[in-house]
Chemist: 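Structure incoming, see below.
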Amino acid sequence: MTANQLDAVRVLLDQLGISPEDLLDGTPRSGPAQMPTISEYIDRVAGAVSPGAYRVYGTYWRKVSQVWGQRRLDEPTSTEVRELAEQVKASAVVRRNSRSGRSAAEHLIGALRCLYRHAEADGLIAPHRNPATAAAKPRRLASTRRALPDAGLVEITQVAGATGNDPELDLLLLRLHTETACRRGGALALRLLDLDVEQCLARLREKGETVRWQPVSPTLMRLLVEHNAERGGEPEESLLRYWSGRPITSRRYDHLWQRLGRHLAWVRAQQVSTHWLRHTTLTWVERNFGYAVARAYAGHNGGRSGDVTSTYVRADITEVAAALSALSGEQHPLAPTPLQDPRRSLVSPRIGPGPRSAPPAVHELTTAASVLRNATSFTDVLAE
C-alpha cells in the first residue's frame, strides 16, 4: 500500500470516528451517529466538573456554545481554536487590571482542554485528534501582586475600622486572612464545626478540594466564636455573617476593597485585593522561617517543579504554629517553643471587632512589625 493510500485510509477512519485499534478488537468506540454536538457535550461535562471548575470555565463554555454549538464535537481544528482564542482576547472587557485579554484567551483554551479531556475519556476523540491540546496557551505573565509594607497594612486596617456599615466584620476578615493566609473561598466555607477551640485550629477547605487544619491565635479563635454567637448560624452553616444573620458572599470582599480604594489612592491604583494579604503573610513566614514552613503555611501540597528535596523537607503543624505565634505575638497551644518576645509581631492581638455598644476604634495591624521583618532566622524571631 502506498503512502498516499495510507493517508486516504487515515482520513476515512478519522471521518468515521474509528481508530486502528477499534478495527483490531471489532468494537468501535464511537461512530458518526454517536458523536454529540458541542452544545450537547458541554451540558454533559458541566454536570461532571466541580463547582470551582465550572465557575472558571462556565463563561467560556457558553461562548463556545454560541459560536460552535451546533457543530459536531470532532469538527473544530486546532487552528479554529486559536482563532477563537484571539477573538475572545480582542473582545475581553477592559478593566484597570486587564492584560490585553491574555487571561481570557488562556481560560478559553483551558475550558476547551477540559472539555476535550472528557471527550477522550469517553472515547469520542482520539488523543491525536484533540484540537485543544495543539493550541498553545498564552504565556502567563508574572503576577503584579506582592507583599504589602507594614505601613500599608496599618492604613488598610485603620480605614476598614473607621468606615463602612459593618467595621467589625471587615476587621475580622482582615485578621482572618492575615493570620491564616487563606483564600477567599476558604474563609467563605468556614463553619463553626471547623473550629477546634481547644487547640486553636481552623479547618480550611479551599480550591482543589484541599482540606487542612490551620493554627490561629487564641484571640482570633475567640473572635470567631463570639461572631457566631452574636450573629447566629448552625454549626454546619457558614460562620461569617452580616448582623441580619445572612451569610456573607464574595461580594462583601468586593465592596470592602472598593471602599478602601476610595479612601486610599494606592489601593485603587494597584488593584490591591484580599490575595495581597496572602502574599504578605507567606512572604513574611518564608523570610523568617524558611521555604518549607511557608509552603505548609500556605497549604501547598506539591513542591517546586524539579525540586526533589521538597518531597522530604516538609514542615509539620507544630512548625506552622510556631510561625503563627511569632506572627500574632500570642503563644499557640501547639507551638513547641514558648514565645519569648510577644512585642515582635506582625498582627497585634488587639485587632478585631470592638464592643458592640460602641463604634469600633481604629485598630493597628502591627506593633513592631519592622523589627520582626528584619529578623533573619528562627532564633532571631524567638529571641528575647
Side-chain angles (χ1 to χ4, degrees), residues 14 35-120 124-146 183-185 207-208 249-251 253-255 257-258 261-262 265-276 278-279 305:
D14 284 341
M35 187 64 66
T37 65
I38 289 177
S39 286
E40 291 171 344
Y41 198 65
I42 285 176
D43 291 340
R44 292 188 208 171
V45 174
V49 299
S50 67
Y54 184 77
R55 186 168 58 251
V56 175
Y57 296 143
T59 299
Y60 299 95
W61 282 338
R62 287 190 289 272
K63 176 66 175 179
V64 171
S65 186
Q66 291 172 3
V67 179
W68 294 341
Q70 300 310 308
R71 299 180 67 181
R72 285 182 3 157
L73 186 64
D74 59 348
E75 286 185 24
T77 65
S78 59
T79 299
E80 289 178 303
V81 170
R82 287 190 289 268
E83 290 175 347
L84 183 58
E86 287 300 318
Q87 293 173 16
V88 170
K89 179 179 177 181
S91 62
V93 177
V94 178
R95 297 186 174 90
R96 291 180 62 90
N97 59 348
S98 294
R99 295 192 171 189
S100 303
R102 296 174 69 96
S103 294
E106 178 184 352
H107 286 318
L108 174 79
I109 294 176
L112 285 171
R113 287 183 178 181
C114 176
L115 186 73
Y116 278 96
R117 278 198 302 270
H118 282 81
E120 285 186 20
L124 296 171
I125 296 290
H128 71 279
R129 292 278 296 163
N130 187 329
T133 303
K137 285 185 177 182
R139 182 176 60 86
R140 181 170 293 185
L141 300 177
S143 174
T144 58
R145 298 186 185 113
R146 58 182 174 81
R183 301 174 179 88
R184 293 198 313 183
K207 71 176 186 178
T249 67
S250 60
R251 292 299 297 160
Y253 290 95
D254 296 337
H255 292 313
W257 290 105
Q258 288 168 7
R262 289 194 295 270
W266 62 271
V267 169
R268 181 178 65 256
Q270 298 181 47
Q271 295 292 291
V272 178
S273 65
T274 306
H275 211 70
W276 287 56
R278 179 173 169 84
H279 280 258
S305 177

Chemist: Would you check, one step at a time, whether the test side-chain contact (heavy atoms from CB on, under 4.5 Å) holds for Val272 with Trp266?
Modeler: CA-CA 8 Å; Val272 178; Trp266 62 271; 3.9 Å; yes
Chemist: For Ala119 versus Tyr41, what's the shortest heavy-atom pair and its separation?
Modeler: N-OH, 3.1 Å
Chemist: Compare every heavy atom of Arg146 with every heavy atom of Trp276, then report the nearest pair and how far apart it is.
Modeler: CE3-O, 3.4 Å
Chemist: With sequence neighbours excluded, what pairs up with Arg55 under the side-chain contact (heavy atoms from CB on, under 4.5 Å) test?
Modeler: none
Chemist: Would you confirm whether Arg183, through its side chain, and Arg278, through its main-chain N or O, come within 3.5 Å as a donor-acceptor pair?
Modeler: no
Chemist: Determine whether Ser273 and Arg145 satisfy the following criterion, side-chain contact (heavy atoms from CB on, under 4.5 Å), listing intermediate values before the conclusion.
Modeler: CA-CA 9 Å; Ser273 65; Arg145 298 186 185 113; 4.1 Å; yes
Chemist: For the pair Thr59 and Lys63, evaluate side-chain contact (heavy atoms from CB on, under 4.5 Å) and give the outcome as yes or no after the intermediate values.
Modeler: CA-CA 6 Å; Thr59 299; Lys63 176 66 175 179; over 6 Å; no
Chemist: Please report the shortest heavy-atom distance between Gln70 and Thr37, naming the atom on each side.
Modeler: O-CG2, 3.9 Å
Chemist: Any idea which heavy atoms bring Ala135 and Ile109 closest together, and the distance?
Modeler: O-CG2, 3.7 Å
Chemist: Please state whether the rings of His275 and His279 are parallel, tilted or perpendicular, taking 30° and 60° as the class boundaries.
Modeler: perpendicular
Chemist: Is there side-chain contact between Leu108 and Val64, with heavy atoms separated by less than 4.5 Å?
Modeler: yes
Chemist: Identify the heavy atoms of Ala105 and Lys89 that sit nearest to each other, and give their distance.
Modeler: CB-CB, 4.1 Å
Chemist: Any donor and acceptor pair, going by atom type alone, linking the side chain of Tyr116 with main-chain N or O of Leu73 inside 3.5 Å?
Modeler: yes
Chemist: Does a side-chain heavy-atom distance below 4.5 Å link Tyr57 with Val49?
Modeler: no
Chemist: Checking Trp61 side chain against Ala111 main chain: does a donor-acceptor pair fall under 3.5 Å?
Modeler: yes
Chemist: Looking at Thr77, is its backbone amide N or carbonyl O close enough to the side chain of Glu80 to form a donor-acceptor pair, meaning the two atoms are under 3.5 Å apart?
Modeler: yes
Chemist: Tell me the closest heavy-atom pair linking Asp74 and Arg129, and the distance in Å.
Modeler: O-NH2, 3.7 Å
Chemist: Decide yes or no on side-chain contact (heavy atoms from CB on, under 4.5 Å) for Trp68 and Leu84, but give the supporting numbers first.
Modeler: CA-CA 10 Å; Trp68 294 341; Leu84 183 58; 3.8 Å; yes
Chemist: If you measure from CD1 on Ile125 to NE2 on His118, what distance do you get to the nearest 0.5 Å?
Modeler: 14.0 Å
Chemist: Taking atom NE2 of His255 and atom OG of Ser250, what is their separation to the nearest 0.5 Å?
Modeler: 9.5 Å
